[in-house]
Amino acid sequence: MIDIHSHILPFFDDGAQTWDESLVMARQAYEDGIRIIIATPHHYNGRYISNPSSVLESVEVFNAKLNEEELDVTILPGQEIRLNDDLLKLWDEGELMLLNDSRYMLLEFPSSHVPDKAEELVYELSLLGIHAVIAHPERNAEIVRDPQRLRGLVELGALGQLTAQSVTGDRGSKLQKISLDLCKDSLVHFIAADAHDPVRRPFRLAQSYKMIEEKLGTAVANYYQENAVRLTRNEAIPTLDIQTRRLGLSRLSKVFSSMFGLSR
Ligand SMILES: [Fe+2]
């Protein structure tokens with residue numbers, strides 16, 4: 001498995017605090033079945049700035065350590081970037097990193113609301129050929145109140161990424177229901193651990209895919225897993241109409257689409 005959102009690098013943010021803790025997390029990830037992890041330290045979230053060259057250097061050091069430990073886990077570079085007024089300027093200045101240098105940018109909103117500029121920014125990024133991956137929309141109060149806000153962003157080219165622990169129910173049944181509802185609305189494209197430490201916020205990716213499989217079927221769980229692979233390879237992310245699939249109307253919908261000349 002591939003995890004596309006992780007605070008496994010030490011000394012950058014509120015994730016791992018020492019190399020030993022990073023190694024414990026990597027062992028836990030390995031036991032969970034994860035072989036590739038994109039390290040995404042917080043960037044411009046008001047508390048932390050993760051300089052790109054420092055991230056690249058830390059990823060290199062960590063991979064050497066994992067090699068020494070003979071642990072079959074590879075770390076790839078990235079950042080979790082908080083939406084801010086200077087984002088496009090920072091991009092021009094080379095201060096922002098995409099996920100494994102792909103076309104995908106992990107973008108974080110404040111938990112209380114979706115900033116007014118979100119749509120414009122997602123659109124501007126799309127003009128640059130960049131797709132915003134919205135981190136944990138299930139934890140955003142405005143999206144929970146009004147999932148259409150996320151739909152609007154997805155229609156502009158953004159993608160949704162749920163936290164594994166939200167899906168498993170580790171953070172309560174309410175958050176789990178919100179997460180599964182967003183999946184059913186086809187507003188989710190990835191599940192990721194967003195692990196910060198080995199105990200309180202661990203990797204729970206395998207369990208989250210198992211839950212998706214149980215609740216929404218194997219095809220949906222596979223879709224999310226394969227999207228993580230596609231992202232690391234900088235491939236396009238296909239859409240999957242989950243609600244229609246669940247109703248068993250996929251074929252019927254295609255017939256209607258071709259009858260009425262609708263493209264999807
Ligand atoms: Fe995160």
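When a ligand or atom number is given, it counts from 1 through the structure's own listing order.
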- prompt: What are the two closest heavy atoms between Ala118 and Leu83, and how far apart are they?
  reply: CA-CD1, 3.8 Å
task: Step by step, work out the salt bridge (Lys or Arg N to Asp or Glu O under 4.0 Å) result for Glu226 and Arg230.
output: CA-CA 6 Å; Glu226 285 160 14; Arg230 291 180 181 109; 3.7 Å; yes
- request: Specify whether Phe11 and Trp19 have parallel, tilted or perpendicular ring planes, treating 30° as the upper limit for parallel and 60° as the lower limit for perpendicular.
  value: perpendicular
- request: Kindly indicate whether a cation-pi arrangement holds for Arg35 with Tyr30, taking the cut-offs as under 6.0 Å to the six-membered ring centre and within 45° of the axis.
  value: yes
- request: Could you check Arg139, His136, Arg204, Arg201 and say which one makes a side-chain hydrogen bond (donor to acceptor under 3.5 Å, both in side chains) with Thr163?
  value: Arg139
Between His43 and Glu80: side-chain donor-acceptor atoms closer than 3.5 Å: no
- request: Work out how many protein N, O or S atoms lie closer to the Fe ion (ligand 1) than 2.8 Å.
  value: 4
